[in-house]
Amino acid sequence: MTPPAIMWFRRDLRLSDHPALLAAADAGEVLPLFVLDDRLLKPAGEPRRRFLYDCLRALDHDLGGRLHIAHGDPVDIVPKIAGKIGAGSVHVSADTAPYGRERDERVQKALGDIDFVRIGSPYAVTPGRVRKQDGEPYRVFTPFRRAWLDHGWRKPAKSGVDSARWISLKGLKIPAAKSDYPAGEQAALEVWQDFRDGPLADYDTGRDRPDRDGTSHLSAYLRWGCVHPRTLLADLKPGNETFRSELAWREFYADVLWHQPNTARENYDRKFDRFKHDTGKAAQQRFQAWCEGKTGYPVVDAGMRQLLAENWMHNRVRMIVASFLVKDLHVPWWWGARHFMRHLIDGDLASNQHNWQWVAGCGTDAAPYFRIFNPITQGEKFDPNGDYVRKYVPELRGVQGKTVHKLDKLPEEYPAPVVDHAHERQVSLDRYDAIRTT
DNA sequence: TATAAGTTCGA
DNA sequence: CGAACTTAT
């Protein structure tokens with residue numbers, strides 16, 4: 001058995017916005033926001049070290065957080081991490097007791113009431129394991145998924161033995177779409193069973209409808225370690241390929257970030273380093289409007305307001321708002337990624353940053369740059385009756401049915417469009433032309 | 001996990 | 001004439 005190493009990342013949440021988070025913080029002061037596999041702590045070569053350094057630096061510097069490390073290892077890299085991140089933001093709680101239950105208990109006691117025990121990585125297959133025959137990592141999702149399936153994984157551990165000990169969020173209520181669903185393994189399993197026996201059958205199309213409840217709502221549980229993906233995978237049937245693929249995407253992006261930790265902040269496709277962004281005062285104001293859900297595009301605004309209200313956003317809408325920020329407002333993708341990480345209850349560095357890169361066209365296996373979402377037609381297609389928009393945009397509650405998507409038929413108190421989509425679409429295509437090398 | 005513009009085809 | 005399909009971006 002590998003010795004447990006416990007790390008977590010602490011960032012400054014605006015706790016006043018989230019009474020449930022506040023209660024959890026009251027219980028233990030800190031929240032375990034980022035948990036690493038202890039194998040990454042072993043001196044096993046530069047790639048692992050780089051992963052550790054860069055993830056932590058990314059989190060600390062880009063997200064305004066604090067790092068807190070507790071461990072029993074004489075791990076030689078800890079001082080280096082401290083040096084990288086800078087004095088004052090790293091607290092190391094050294095504990096030299098032998099590994100085992102006693103040491104776990106001592107560490108836990110030293111760190112407060114949070115039940116933080118970590119076992120194993122939160123992936124079916126540990127990042128870095130699935131490789132091409134020549135040893136190189138996969139850069140395209142579909143072959144990765146095939147190899148990942150072929151690789152296989154252990155059966156899930158029994159409840160209460162493995163996954164339940166992973167991380168605990170006792171007392172933490174996750175403020176997501178389903179109000180009042182609590183944290184913890186038991187709650188995660190109940191959400192899973194509800195989904196498995198219901199919306200999963202219609203997942204292919206149902207997951208794209210933000211006006212309905214067709215997604216699994218498991219993202220926060222997976223991200224916080226309340227449930228292990230192997231538990232879900234073991235429960236899936238041959239017909240559930242789409243949901244299995246969503247889990248595969250999660251593993252794929254973890255693998256990509258493991259191999260290239262710098263891509264948490266930098267373009268995976270370096271050709272995009274030359275891409276022209278808008279970052280001046282006007283762009284900052286548009287970015288602000290986007291953050292607040294005041295762009296004048298109904299689905300975009302509904303999504304951004306759902307994010308602020310619930311710390312969660314429907315996946316289809318995430319794609320729409322991301323496309324809008326990058327391709328209609330021409331803002332760097334990492335601005336949007338950072339905003340998401342600050343607000344999403346399920347925000348995961350690998351999935352978040354690489355899905356943003358996918359939308360921006362600069363990532364692994366990215367969407368072709370010319371795939372530009374039309375925020376109006378996306379709204380009409382996936383929120384056909386306008387129910388989603390009306391739920392989150394009070395100014396539009398008086399507008400009937402699909403009319404909420406008609407920009408020229410919206411009430412005066414609703415913001416005018418910050419930009420003209422057709423024009424900005426062309427601007428984006430022209431800027432892409434400028435960096436193309438074909 | 002796209003869109004817009006153009007083309008084909010049948011009612 | 002609109003739905004379905006094709007194609008360039």
Side-chain angles (χ1 to χ4, degrees), chain A residues 139-146 199-200 202-212 214-216 218-219 240-253 256 268-269 271-272 275-276 297-300 302-303 312-330 333 336-337 340 344 346 348 350-384 388 402 405-407 417 419-438:
Chain A
R139 294 165 177 276
V140 180
F141 172 68
T142 305
F144 172 88
R145 180 184 57 188
R146 189 167 298 121
L200 179 58
D202 186 39
Y203 189 67
D204 280 18
T205 54
R207 74 200 166 114
D208 270 332
R209 290 290 296 273
D211 54 339
R212 297 182 189 165
T215 60
S216 73
L218 285 164
S219 54
N240 306 137
E241 290 314 315
T242 307
F243 185 73
R244 200 189 327 267
S245 283
E246 296 302 324
L247 293 174
W249 274 107
R250 179 174 174 276
E251 309 244 340
F252 176 55
Y253 283 146
V256 171
Y268 182 89
D269 180 349
K271 138 169 125 261
F272 275 80
F275 191 83
K276 184 175 183 292
Y297 283 85
V299 173
V300 175
W312 188 84
M313 196 194 305
H314 188 281
N315 180 59
R316 166 57 57 175
V317 187
R318 293 189 199 194
M319 290 189 279
I320 299 170
V321 303
S323 179
F324 187 81
L325 185 74
V326 169
K327 297 181 182 180
D328 288 66
L329 302 187
H330 318 298
W333 63 263
F340 269 32
L344 282 171
D346 59 21
D348 171 272
S351 296
N352 187 62
Q353 309 305 89
H354 278 282
N355 273 303
W356 271 93
Q357 296 219 37
W358 181 88
V359 170
C362 58
T364 316
D365 202 12
Y369 190 82
F370 48 77
R371 278 193 189 170
I372 296 173
F373 285 66
N374 181 322
I376 300 302
T377 53
Q378 285 280 315
E380 290 171 338
K381 190 171 175 187
F382 297 113
D383 181 31
Y388 177 77
K402 60 186 180 184
H405 298 298
K406 304 287 186 195
L407 292 190
V419 292
D420 174 62
H421 170 70
H423 176 255
E424 304 305 338
R425 174 177 182 276
Q426 195 53 52
V427 170
S428 276
L429 291 172
D430 292 345
R431 292 188 186 185
Y432 178 60
D433 263 344
I435 64 163
R436 270 166 75 181
T437 50
T438 55

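Just so it is clear, the model here is predicted, and its values are computed rather than measured. A note on names: the letters A, B, ... follow the listed sequences, proteins ahead of strands, and every chain is numbered from 1.
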Residue pairs meeting salt bridge (Lys or Arg N to Asp or Glu O under 4.0 Å), one or both in residues 366-380 of chain A, sequence neighbours left out, come to A:E380-A:K406
Residues 313-330 of chain A vs salt bridge (Lys or Arg N to Asp or Glu O under 4.0 Å), sequence neighbours excluded, gives A:D208-A:R316, A:R318-A:D346
Is a side-chain donor or acceptor of A:S245 paired with a backbone partner of A:E241 at a separation under 3.5 angstrom? yes
The first and last nucleotides of DNA chain B lying within contact of chain A, meaning any atom under 4.0 Å from one of its heavy atoms, run from B:dT1 to B:dA4
Side chain to side chain, A:I372 and A:H421, heavy atoms closer than 4.5 Å:
yes
So, with a heavy-atom separation below 4.0 Å from DNA chain B, the residues of residues 314-323 of chain A are A:R316, A:M319
- Task: Would you please indicate if the ring centroids of A:Y297 and A:F324 are separated by under 6.0 Å?
- Result: yes
Between A:Y253 and A:F141, does the ring centre distance come in under 6.0 Å?
no
Across all chains, not counting sequence neighbours, the side chain to side chain donor-acceptor pair (under 3.5 Å) partners of A:D420 are none
Any luck finding a side-chain donor-acceptor pair between A:S428 and A:H330 under 3.5 Å? yes
Exercise. Would A:Y369 and A:R436 count as having a side-chain donor-acceptor pair, cut-off 3.5 Å?
Worked result: no
* Residues A:R145, A:E251; criterion salt bridge (Lys or Arg N to Asp or Glu O under 4.0 Å); working and verdict -> CA-CA 9 Å; A:R145 180 184 57 188; A:E251 309 244 340; over 6 Å; no
Every protein N/O lying under 3.5 Å from an N/O of nucleotides 3-6 of chain C:
none

Checklist entry - For A:I372, which contact category applies under a 4.0 Å heavy-atom criterion: base, sugar-phosphate, or nothing? => result sugar-phosphate
Here the distance between atom C1' of C:dT9 and atom CZ of A:R371, to the nearest Å, is 12 Å
